[in-house]
Participant: 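Below is one structure. I have some questions about it.
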Amino acid sequence: MAEQDQVLDVVAMDETDGLRMILNTGDIVHLRPSGNAPELRCYMEFRKSLY
């Protein structure tokens with residue numbers, strides 16, 4: 001998870017199942033279309049706990 005004022009850069013991308021972006025912090029943002037609704041889903045994975 002980014003610290004305040006930290007710049008986030010995409011260091012790698014994978015388009016296998018939507019768009020998966022790996023950030024310089026190691027965090028992951030994955031955007032993909034829903035299989036059964038006209039929606040775009042966003043999944044986020046953080047290396048650090050939010051709590």
Participant: Looking at side-chain heavy atoms only, is the closest gap between Arg20 and Ile28 below 4.5 Å?
Facilitator: yes
Participant: Let me check something: do Val11 and Val7 share a hydrophobic cluster, defined by ILVMFWY side-chain heavy atoms less than 4.5 Å apart, either directly or through other members?
Facilitator: no
Participant: For the atom pair CD (Glu45) and CD1 (Ile22), what is the distance rounded to the nearest 0.5 Å?
Facilitator: 9.0 Å
Participant: Atom CZ of Arg32 and atom CD of Glu39: how far apart are they, to the nearest 0.5 Å?
Facilitator: 10.5 Å
Participant: State the CE-CG distance between Met44 and Leu23, to the nearest 0.5 angstrom.
Facilitator: 8.5 Å
Participant: For Leu40 and Pro33, which heavy atoms make the closest approach, and how far apart are they?
Facilitator: CD1-N, 4.0 Å
Participant: Just by modelled atom types, is the Asn24 backbone N or O under 3.5 Å from a matching donor or acceptor in the Asp9 side chain?
Facilitator: no
Participant: If you take all heavy atoms of Ser34 and Asn36, which pair is closest and at what distance?
Facilitator: OG-OD1, 3.0 Å
Participant: Does any part of the side chain of Met21, heavy atoms only, come nearer than 4.5 Å to the side chain of Leu31, both counted from C-beta?
Facilitator: yes
Participant: Using the rule that Ile, Leu, Val, Met, Phe, Trp and Tyr join whenever any side-chain heavy atoms are under 4.5 Å apart, tell me whether Leu19 and Leu8 fall into a single cluster.
Facilitator: yes
